Amino acid sequence: MEEKIGRGLDHLIEQNSTELEFLSAYGSGAIEEDVDVNSLLDALVRFLKAGQVKTKQSDNKVTFSFGTATMTDKGLLLECNGENLPLVNSDLTQVGFVDGNLSKDKSSVSVVMQNWNYEQRRFVERLVEYLN
């Protein structure tokens with residue numbers, strides 16, 4: 001009788017093509033080396049405009065009613081202000097975010113975005129829904 005060999009992890013992941021976005025909650029906070037900040041700024045501007053947020057853009061910065069986004073060496077620095085922002089500190093430690101800071105009274109937040117993935121879009125979407 002021939003012994004069956006169990007399926008490997010790669011096979012199971014391929015077979016079940018399940019999205020594993022929950023793993024991003026365990027982000028390392030690692031700083032990425034090659035960040036395309038121009039693309040990040042363009043994506044943010046498009047996203048804000050789609051959310052009916054008025055923007056004013058210069059070469060390396062966009063200003064909107066509740067904050068700014070500025071290109072830096074590390075990525076796109078997003079700074080927002082409002083009363084009782086709908087955020088917690090763990091929102092700022094997701095994959096693609098570095099140097100996050102949420103004020104104790106939740107009136108301001110700053111974080112450097114290095115990606116434009118689900119976490120970043122959802123983060124900005126929450127701010128737009130709450131502050132716009």
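In this text the structure is predicted, and so the values were computed from the model without any measurement.
Residues Val62 and Leu41 are in side-chain contact: their nearest non-hydrogen atoms beyond the backbone lie under 4.5 Å apart. Inter-residue side-chain proximity for Asn38 and Leu40 is flagged as unmet; no heavy-atom pair is nearer than 4.5 Å.
By the side-chain contact (heavy atoms from CB on, under 4.5 Å) test, Val124 is found to be paired with Leu44, Phe47, Leu48, Leu78, Met113, Trp116, Val128, residues two or more places apart in sequence or in another chain being considered. Shown here are the side-chain contact (heavy atoms from CB on, under 4.5 Å) partners of Asn117, two or more places apart in sequence or in another chain: Asn115, Glu119, Gln120. Evaluation of the salt bridge (Lys or Arg N to Asp or Glu O under 4.0 Å) rule for Glu79 yields no partner, not counting sequence neighbours. For Tyr130, the ring pair (Phe, Tyr, Trp, His ring centres under 6.0 Å) criterion is met by no residue, not counting sequence neighbours. Every side-chain hydrogen bond (donor to acceptor under 3.5 Å, both in side chains) that Arg126 has, sequence neighbours left out, goes to Asp91. In terms of the side-chain hydrogen bond (donor to acceptor under 3.5 Å, both in side chains) criterion, residue partners of Arg122 (sequence neighbours excluded) are, by chain and number, Glu125. For Ser90, there are no side-chain hydrogen bond (donor to acceptor under 3.5 Å, both in side chains) partners two or more places apart in sequence or in a different chain. The side-chain contact (heavy atoms from CB on, under 4.5 Å) test applied to Ser65 returns Asn132, not counting sequence neighbours.
Contacts classified as ring pair (Phe, Tyr, Trp, His ring centres under 6.0 Å) and involving residues 62-82 (residues at least two apart or in different chains) are given here: Phe64-Phe66.
Looking only at distances, a side-chain donor or acceptor of Gln114 sits under 3.5 Å from a matching main-chain atom of Lys74. The main-chain N or O of Leu76 is never found under 3.5 Å from a side-chain atom of Thr72 such that the two would form a donor-acceptor pair.
The distance from atom CG of Asp99 to atom CG of Leu77, rounded to the nearest 0.5 Å, is 8.5 Å. We find the OG-CG distance between Ser108 and Leu85 to be 7.5 Å, quoted to the nearest 0.5 Å.
Counting non-hydrogen atoms of neighbouring residues, nucleotides and ligands closer than 6.0 angstrom, the CD atom of Glu129 exceeds 12 such neighbours.
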Donor-acceptor contacts under 3.5 Å from residues 52-61 side chains, at least two apart:
residue, atom, partner, partner atom, Å
Ser58, OG, Lys61, O, 3.4

Residue pair Leu92, Leu102: steps toward the side chain to side chain contact (heavy atoms under 4.5 Å, CB included) verdict: CA-CA 8 Å; Leu92 309 175; Leu102 178 62; 3.8 Å; yes

